[in-house]
Number of protein chains: 2
Amino acid sequence: MLSQAEENYLKAILKLSQKNGKSVSTNAIADELYTKASSVSDMMKKLSEKSLIHYVKYQGVYLTEKGKGLAVHIVRKHRLWEVFLVNHLNFKWDEVHDIAEQLEHIKSLELVNKLDAFLNFPSFDPHGDPIPNEAGEFPKTSAIPFSELPVKSRGKVVAVVMDEPSFLKYLDKLNISIGAQVEVIEVNEFDDSFDVKINDIQSHISLDVAKNILISLL
Amino acid sequence: MLSQAEENYLKAILKLSQKNGKSVSTNAIADELYTKASSVSDMMKKLSEKSLIHYVKYQGVYLTEKGKGLAVHIVRKHRLWEVFLVNHLNFKWDEVHDIAEQLEHIKSLELVNKLDAFLNFPSFDPHGDPIPNEAGEFPKTSAIPFSELPVKSRGKVVAVVMDEPSFLKYLDKLNISIGAQVEVIEVNEFDDSFDVKINDIQSHISLDVAKNILISLL
DNA sequence: AATAATTTTTAGTCACGTCTAAATTTATAT
DNA sequence: ATATAAATTTAGACGTGACTAAAAATTATT
Ligand SMILES: [Mn+2]
Ligand SMILES: [Mn+2]
Ligand SMILES: [Mn+2]
Ligand SMILES: [Mn+2]
């Protein structure tokens with residue numbers, strides 16, 4: 001049985017290897033978990049000992065099949081709980097991450113699957129992140145950053161990349177939520193900002209914001 | 001912020017002081033938590049240091065107001081989650097305790113109160129145990145053990161004393177659930193067993209079982 | 001290729017929560 | 001009142017997961 005610390009390391013390694021390449025560096029993990037490289041080194045030995053990661057000193061790590069399966073399961077729990085909190089307990093999408101960080105460590109396969117059924121087997125969480133099914137398979141998604149939407153093209157918001165509350169609250173202020181229709185009117189080369197339409201209402205967003213919104217083309 | 005271990009100790013002390021007298025002994029706590037007396041002694045120092053218990057060496061402990069408030073809050077969470085698991089996720093009443101033991105440690109006041117609202121502010125959990133409200137007040141209850149129900153009197157099951165799955169499953173087999181109508185037909189002095197009616201159907205239970213069922217007189 | 005900078009690992013320490021064994025205190029029995 | 005038994009605490013150890021400082025390996029620069 002894994003400790004919460006071990007689970008958090010596995011999740012961090014999965015996240016980093018999905019974002020970047022296969023092999024994940026010690027420092028990257030330390031940054032992700034707000035800990036120190038030396039602590040990571042210690043933990044890598046333990047996880048390697050348990051056959052959850054492949055670890056060669058100084059060469060970074062990557063998940064074994066077993067480790068990946070466990071990491072995906074934790075992500076599944078995290079996202080299912082987020083759906084519950086938003087859809088049934090009336091939390092806002094910027095309030096659920098920290099609570100889900102705790103709930104994801106609750107150990108009971110029955111609980112996860114009953115929760116999944118209660119929620120009607122959702123494919124995406126409140127931030128548009130894909131939820132793996134019981135077999136660990138992620139729903140197919142094809143989305144591009146808002147910042148790459150061609151001028152005059154229209155799209156639909158399907159996910160956000162960051163889940164920092166401050167960013168999500170800013171999106172609320174801009175009336176940008178999952179499902180919103182968006183269109184690029186003009187790109188301002190001067191500051192790389194965009195004149196856009198959000199649900200047909202004229203607005204303006206920075207490149208930084210646009211990069212963190214994922215859309216599908218309409 | 002309390003650790004899970006500290007919370008479990010507080011809960012154990014509350015439980016024991018509710019059942020028996022004020023002051024709780026080191027060994028009683030050790031038994032309750034399946035740990036050793038020496039571990040309890042160590043923890044008593046820490047909890048005392050944090051002003052959560054009154055502790056005089058060799059004299060047992062009892063909760064301070066602060067400690068009691070925290071302990072009651074954990075009980076509140078435990079029982080609310082049990083209601084959720086049974087009423088919304090279709091768990092049986094014998095399956096929820098261990099999961100609630102984990103969920104009770106999730107830290108978020110907002111979560112507890114939103115869950116409470118979602119569940120319609122229940123007063124009792126699936127085992128008939130009273131659920132304290134946000135202010136920490138328990139609903140009033142007056143129940144007696146089934147074993148003390150006079151012959152020919154009728155009562156309604158309101159709670160069970162034990163929550164061991166084996167006991168609860170046995171009650172299922174006997175068709176005894178919260179709300180069931182019960183009546184004592186005859187007491188068998190020979191083995192202290194009871195001839196009873198459960199929802200008007202004749203049955204037979206031992207003293208041991210009868211002592212662990214709480215009823216209110218009709 | 002040699003040196004410098006960066007990354008990673010190791011060595012040593014610490015707090016937490018547990019344990020066993022030994023010492024101490026309190027309770028019980030004679 | 002004294003001896004014995006039971007309960008409790010202390011002493012010393014261990015595993016986990018973190019840290020700092022120092023050493024070692026890798027990568028980048030000249
Ligand atoms: Mn999240
Ligand atoms: Mn999410
Ligand atoms: Mn319970
Ligand atoms: Mn209960």
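Note that the structure is predicted; figures quoted are calculated from it, not measured. Chain identifiers are assigned alphabetically (A, B, ...) following the order of the sequence lines, protein sequences preceding nucleic acid strands; residue numbering begins at 1 within each chain.
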Peer 1: Measuring to OP1 and OP2 of D/dG17, would you say a side-chain N or O of A/Lys46 lies under 4.0 angstrom away?
Peer 2: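 For D/dG17, OP1 or OP2 has a side-chain N or O of A/Lys46 closer than 4.0 Å.
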Peer 1: If you check every side-chain atom of A/Thr35, which of C/dG17, C/dC19, D/dC19 has the closest atom?
Peer 2: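 So the nucleotide nearest the side chain must be D/dC19.
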Peer 1: Using modelled atom types only, decide if a donor and an acceptor are shared between the side chain of B/Lys22 and the backbone of B/Ser17 within a distance under 3.5 Å.
Peer 2: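 Side chain of B/Lys22 to backbone of B/Ser17: no pair is present.
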Peer 1: Find out whether the Lys NZ or Arg CZ of B/Lys114 is both under 6.0 angstrom from the six-membered ring centre of A/Phe91 and within 45° of the ring's axis.
Peer 2: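 Satisfied, under 6.0 Å and within 45°.
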Peer 1: Any sub-3.5 Å donor-acceptor pair from B/Ser23's side-chain atoms to B/Gln59's backbone N or O?
Peer 2: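 Yes, B/Ser23 side chain to B/Gln59 backbone: donor-acceptor pair under 3.5 Å.
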Peer 1: Kindly point out which of C/dT8, D/dT10, C/dT9 is positioned nearest to the side chain of A/Ser25?
Peer 2: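 Side chain of A/Ser25 sits closest to C/dT8.
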Peer 1: Return the nearest nucleotide to the side chain of B/Glu6; candidates are D/dG17, D/dT8, C/dG17.
Peer 2: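 So the side chain of B/Glu6 is nearest to C/dG17.
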Peer 1: Can we call the ring centroids of A/His88 and B/His88 under 6.0 Å apart?
Peer 2: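 That pair fails the under 6.0 Å test.
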Peer 1: Heavy atoms from C-beta onward define the side chain here; which of D/dG17, C/dG17, D/dT9 lies closest to that of A/Met43?
Peer 2: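 Nearest to the side-chain atoms of A/Met43, counting from C-beta on, is D/dG17.
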Peer 1: Going 5' to 3' along nucleotides 20-27 of chain D, which nucleotides have protein heavy atoms under 4.0 Å from the base (write B), which only from the sugar-phosphate (write S), and which from neither (write -)?
Peer 2: B---BSS-
Peer 1: Give a yes or no on whether the ring-centroid distance for A/His127 and A/His97 is below 6.0 angstrom.
Peer 2: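 No, too far apart.
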Peer 1: Could you report the tightest heavy-atom contact between B/Glu32 and B/Ala12, atom names first, then the distance?
Peer 2: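 Where B/Glu32 meets B/Ala12 most closely, the heavy atoms are CG-CB, 3.7 Å.
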Peer 1: Has A/Ser39 got a side-chain atom pairing as donor or acceptor with A/Thr35's backbone, closer than 3.5 angstrom?
Peer 2: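 No; zero donor-acceptor contacts below 3.5 Å.
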Peer 1: Under the rule for side-chain contact (heavy atoms from CB on, under 4.5 Å), what residues qualify as partners of A/Glu7, not counting sequence neighbours?
Peer 2: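 Listed in chain order: A/Leu2, A/Ile74, A/His105, A/Lys107.
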Peer 1: Does B/Tyr9 put a side-chain nitrogen or oxygen below 4.0 Å from OP1 or OP2 of C/dT18?
Peer 2: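 B/Tyr9 to C/dT18 OP1/OP2: side-chain N or O found under 4.0 Å.
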Peer 1: Could you give the NE2-to-C1' distance, from B/His105 to C/dG17, as a whole number of Å?
Peer 2: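 Rounding to the nearest Å, NE2 of B/His105 and C1' of C/dG17 are 14 Å apart.
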Peer 1: Bend across the helix from C/dA1-D/dT30 to C/dT30-D/dA1, to 10°, with axes taken over 5 pairs at each end?
Peer 2: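 Result, rounded to 10 degrees: 10°.
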